[in-house]
Each structure stands twice: as structure tokens, then as C-alpha cells.
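Have a look at the structure below, then the notes.
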Amino acid sequence: QVQVVESGGGLVQPGGSLRLSCVVAGSSISIYRVTWYRQAPGKQHEWVASTTSGLSTYYVNSVKGRFTISRDNAKNTVYLQMNSLKPEDTAVYYCNTWDARWGWGQGTQVTVSE
């Protein structure tokens, strides 16, 4: 059974930075397109950033230039560096494959507020 553990969230002021980590156990991430998703209160689940097995990266328009996704296949870990955070980035962040084949982790809360 695949287990996904997200961490690194917290409370940060606008303009601040956070680095999220997603550690996966029970499956090698190396062959998958791994994606960070987020869900804000009252809003739909949306994808945020994605990294393919060939190390291509993709971002939703709202985070381009501010967020960077990366992966360490040896550590079975995917990261999301978030800079210049805005209040609208407030959400619970999750990671999963592009087709959500892993079980969902508990997520990590990111709150951007004064």
C-alpha cells in the first residue's frame, strides 16, 4: 500500500516562502508524473505543479514564476518551493500522481496571512 506524507506547511506572511515535501513509501516515484494539488476552503481541488519522470515541469498560471517543483528519486521525495506567497495560496496542499493512483495523504496546511 502506498503511503504519502506531506509536510512543510505553516503560517507565513504575504511575500514569504515555504518549502513543502512529499515523501512516498510503497512505490517508486521515478516512473511517475507527480503533482502537487491544493484545496482552499469552499473551492475545488486544483493541480498546482507537476514533474514528469523525464524531469519536465508544469505549473498552473497562478503560480508560474513563484513556485518550483523538484524531485529526488533516490529519496522518493517531491518538493514544492513556494516564494512570494499570496493570501490566495492559502490551502491544504497534497501530492499524488497525475492520475491520482496513490492514496491521498493528510495534506499540509499553508496559510498566508498578515
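Fair warning: this is a prediction, and the values are worked out from it, not measured in the lab.
Note on residues 10-44: pairs passing ring-ring contact (aromatic ring centres under 6.0 Å, His included), not counting sequence neighbours, are Tyr32-Trp102, Tyr37-His45, Tyr37-Trp104. For residues 90-109, the salt bridge (charged side-chain N to carboxylate O under 4.0 Å, His left out) pairs, not counting sequence neighbours, are Asp99-Arg101. Residue pairs that meet the salt bridge (charged side-chain N to carboxylate O under 4.0 Å, His left out) test with at least one member in residues 36-63, sequence neighbours left out, are Arg38-Glu46, Arg38-Asp89. Residues in residues 73-114 take part in these disulfide (SG to SG under 2.5 Å) pairs, two or more places apart or across chains: Cys22-Cys95. Legend: disulfide (SG to SG under 2.5 Å) pairs involving residues 23-59, not counting sequence neighbours: none detected. Applying the salt bridge (charged side-chain N to carboxylate O under 4.0 Å, His left out) definition to pairs two or more places apart or across chains, none involves residues 21-32.
More than 12 non-hydrogen atoms from other residues, nucleotides or ligands lie less than 6.0 angstrom from CD of Glu88.
With sequence neighbours excluded, the residues forming a side chain to side chain donor-acceptor pair (under 3.5 Å) with Thr35 are Ser50, listed by chain and number. Considering only residues two or more places apart in sequence or on other chains, Ser84 meets the side-chain contact (heavy atoms from CB on, under 4.5 Å) condition with Arg66. Under the side chain to side chain donor-acceptor pair (under 3.5 Å) criterion, Ser28 pairs with Ser30, sequence neighbours left out. Residues that satisfy the side chain to side chain donor-acceptor pair (under 3.5 Å) test with Gln109, not counting sequence neighbours, are Thr111. Evaluation of the side chain to side chain donor-acceptor pair (under 3.5 Å) rule for Ser70 yields no partner, not counting sequence neighbours.
Judged by distance alone, the side chain of Thr90 and the main-chain N or O of Val112 form a donor-acceptor pair under 3.5 Å. Checking side-chain atoms of Asn73 against main-chain N and O of Asn76 turns up no donor-acceptor pair under 3.5 Å.
For the atom pair CG of Asn96 and CD of Glu6, the computed distance is 8.5 Å after rounding to the nearest 0.5 Å. The structure places CE of Met82 at 5.0 Å from CZ of Phe67, a figure rounded to the nearest 0.5 Å. Atoms CH2 and OG1, from Trp98 and Thr52 in turn, are 11.5 Å apart once rounded to the nearest 0.5 Å. If you take OG1 on Thr68 and OH on Tyr59, they are separated by 4.5 Å, rounding to the nearest 0.5 Å.
With contacts defined as side-chain heavy-atom distances shorter than 4.5 Å, the pair Gln106/Val5 qualifies. With contacts defined as side-chain heavy-atom distances shorter than 4.5 Å, the pair Ile29/Val78 qualifies.
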For residues 8-21, tabulate all N or O donor-acceptor pairs below 3.5 Å that involve a side-chain atom, not counting sequence neighbours.
{"unit_1": "Ser17", "atom_1": "OG", "unit_2": "Asn83", "atom_2": "OD1", "d": "2.9"}

| request: Apply side-chain contact (heavy atoms from CB on, under 4.5 Å) to the pair Lys75 and Val23, showing each step before the final yes or no. | output: CA-CA 8 Å; Lys75 294 183 178 180; Val23 179; over 6 Å; no

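Cluster annotation: Tyr79 is not connected to Val60 through the hydrophobic network of ILVMFWY side chains, with a link wherever side-chain heavy atoms come within less than 4.5 Å. In terms of hydrophobic clustering, with Ile, Leu, Val, Met, Phe, Trp and Tyr side chains grouped at heavy-atom distances under 4.5 Å, Val24 and Ile31 are assigned to a common cluster.
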